[in-house]
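Here is the structure we will look at, set down as structure tokens.
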There are 2 protein chains.
Amino acid sequence: MPSEETDTSLPASVEAVWGLRGRPARGPKRALSLERIVAAGVAVADREGLDALSMSRVANAIGTSAMSLYRYVSAKDELLTLMVDAVYADTWTIAATGRWRADLTQLAFNNLHTLRRHPWVVRVPVTGPPITPHQLRWLEASLAALRGTPLSGKEKIAVMLLVNSLVRNDATLMIDLRVGEPESEGKLPDYGKTLRLLLDPKHFPELIDVLDEGVFDYDDTSEQDFSWSLERALDGVAALIESKR
Amino acid sequence: MPSEETDTSLPASVEAVWGLRGRPARGPKRALSLERIVAAGVAVADREGLDALSMSRVANAIGTSAMSLYRYVSAKDELLTLMVDAVYADTWTIAATGRWRADLTQLAFNNLHTLRRHPWVVRVPVTGPPITPHQLRWLEASLAALRGTPLSGKEKIAVMLLVNSLVRNDATLMIDLRVGEPESEGKLPDYGKTLRLLLDPKHFPELIDVLDEGVFDYDDTSEQDFSWSLERALDGVAALIESKR
DNA sequence: TACGGCTGCGTATATCGTAAGCAGTAGCGC
DNA sequence: GCGCTACTGCTTACGATATACGCAGCCGTA
């Protein structure tokens with residue numbers, strides 16, 4: 001097991017979730033734990049959204065003071081990083097079939113479901129490549145799915161970035177449509193109506209045609225659009241894989 | 001021309017950039033203009049990043065007071081929306097070839113170049129589907145590129161969402177690598193080193209293999225990765241188009 | 001047992017977005 | 001021509017936020 005001096009250059013809290021930090025040897029017993037703080041953060045964000053998430057609110061949720069949290073995370077950004085990783089715990093376990101496409105699809109949908117359940121995640125600024133355990137587990141499972149393909153390591157990473165793009169984008173669009181909020185019914189039809197008021201046929205003939213097809217006439221929050229995009233992307237990957245065989 | 005009562009439900013400032021708002025009939029001559037404010041916002045964000053962008057800083061940049069800006073935009077979020085649209089002015093003009101794939105590729109790269117030049121854009125929270133003129137012009141140009149294909153309107157929109165996903169994701173990754181900042185050299189190799197310290201062969205064999213291939217040994221900020229992903233996605237779209245012919 | 005690392009948290013500060021309202025400008029309508 | 005009022009720029013003020021600093025107490029190590 002690594003010593004206390006791990007030299008990862010990572011924040012202490014990230015090292016803690018990797019199990020690289022033991023309990024301090026001295027001092028009073030802790031009334032808090034990093035897990036409790038992160039879980040409270042997730043609960044507050046789920047309930048009130050990321051904009052309403054403050055250190056104060058998280059602390060209140062567990063009956064402590066905002067400044068106590070700084071014994072566990074050095075900045076709010078660290079808490080956000082750990083919150084994202086916590087919800088990623090459900091993304092990387094699949095019933096592996098040994099077929100790359102089916103397995104990647106499962107992983108993509110796991111990821112999508114997580115983001116739809118926790119819409120604040122895509123609102124957390126991305127500050128670097130993944131360094132937390134669950135996010136890397138998702139990546140590992142994805143690479144395992146691609147194990148039997150002729151793709152290089154670099155290409156495998158690129159495939160997962162592609163899939164991840166699609167997932168994040170769908171999640172972003174779903175925020176627009178306010179999934180799960182009944183009072184947001186009709187948001188896309190409103191959008192369509194506004195566009196009709198804005199667009200002139202001289203500059204926007206194609207968009208007007210698309211409008212006339214009724215594309216924005218109803219909100220579609222099913223997973224079909226995501227599925228369509230994923231299929232296109234995986235078709236492209238499949239073409240590349242075939243070309244290498 | 002629309003009257004002052006346009007009933008778009010859009011913020012006044014957005015109506016203004018659509019040319020739907022005239023100059024007020026009474027009152028002192030304006031010393032400011034919305035264009036000037038937006039341009040100042042873009043300049044501040046380009047120089048200092050989105051985190052450092054405050055109403056105060058934007059106002060200072062044009063020698064006025066923060067509260068004056070509120071005569072032109074009703075909230076900071078509106079300013080951000082208009083700033084994004086302003087930089088999108090360069091994305092929708094292409095040398096059309098009449099070949100859907102070449103034209104989409106041009107549009108994708110235009111978009112990518114814009115985001116790389118203004119990395120703060122992907123940090124602006126997306127609050128809804130595009131409603132501003134230049135963003136919609138990019139969408140219009142994209143739909144025009146797909147005009148001769150057998151795709152439905154809905155599918156065309158989906159293609160553009162897909163392409164847009166890839167662009168935004170690349171831009172997000174480039175923030176990680178701090179494009180253009182010499183002191184950030186070696187960020188990916190540092191990442192690779194950190195991963196080696198974290199990953200155990202029991203749980204992360206695939207990722208370790210990828211590491212051993214040297215995938216993270218150097219920063220790659222060229223456009224090749226983006227191009228690769230775009231090709232995969234467009235291969236998938238091409239397959240669908242072919243299947244409908 | 002003494003020392004010092006650790007805990008929780010109170011106080012304080014700088015910054016931010018923006019509400020409220022004042023004084024002055026300028027055009028409309030009578 | 002005058003009064004009214006819409007509009008402009010900006011000052012003052014406030015609530016909220018993240019987090020620095022430091023105190024008092026806890027508790028394990030040497």
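To find a chain, count down the sequence lines: A is the first, B the second, and so on, and within it residues start at 1.
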Atom [atom1] of [X] and atom [atom2] of [N]: how far apart are they, to the nearest Å?
X	N	atom1	atom2	result
B:Asp51	C:dG17	CG	C1'	15 Å
B:Leu80	C:dG17	CG	C1'	12 Å
A:Ile62	C:dC9	CD1	C1'	13 Å
B:Arg30	D:dA6	CZ	P	16 Å
A:Tyr70	D:dA18	OH	P	6 Å
A:Glu48	D:dA16	CD	P	14 Å
A:Met55	D:dT17	CE	C1'	11 Å
B:Leu69	D:dT11	CG	P	13 Å

Aromatic ring pairing B:Phe109/B:His113, orientation class (parallel under 30°, perpendicular over 60°, tilted between)
tilted

Is the ring pair B:His134/B:Trp92 parallel, tilted or perpendicular, if the boundaries are 30 and 60 degrees?
parallel

Candidate pair B:Leu166 and B:Val163, rule side chain to side chain contact (heavy atoms under 4.5 Å, CB included), full reasoning
CA-CA 5 Å; B:Leu166 301 184; B:Val163 171; 5.7 Å; no

Nearest-nucleotide 5' precedence on DNA chain D, B:Ser65 against A:Lys76
B:Ser65

When every nucleotide of nucleotides 20-30 of chain C is labelled 5' to 3' by its protein contacts under 4.0 Å (heavy atoms), B for base, S for sugar-phosphate only, - for none, what sequence of letters results?
BB--BBSBS--

Consider side chain to side chain contact (heavy atoms under 4.5 Å, CB included). Of B:Leu115, B:Val84, B:Asp170, B:Leu50, which one does B:Val122 pass it with?
B:Leu115

Would you say B:Ser56 reaches C:dG17's phosphate, i.e. side-chain N/O to OP1/OP2 under 4.0 Å?
no

Could you tell me whether the phosphate oxygens of D:dT8, OP1 or OP2, come under 4.0 Å of any side-chain nitrogen or oxygen in B:Ser68?
no

According to the salt bridge (charged side-chain N to carboxylate O under 4.0 Å, His left out) rule, which pairs have a member within residues 35-61 of chain A, sequence neighbours left out?
A:Glu48-A:Arg57

Residue pairs passing the salt bridge (charged side-chain N to carboxylate O under 4.0 Å, His left out) test with at least one member in residues 64-86 of chain A, sequence neighbours excluded, are none

Ranking D:dG9, C:dT18, C:dC16 by distance to the side chain of B:Ser54, first place goes to C:dC16

Heavy atoms under 4.0 Å, any strand shown: does A:Leu53 hit a base, just sugar-phosphate, or nothing?
sugar-phosphate

Can you tell which of B:Asn164, B:Asn169, B:Thr172 makes a side chain to side chain donor-acceptor pair (under 3.5 Å) with A:Ser165?
B:Asn169

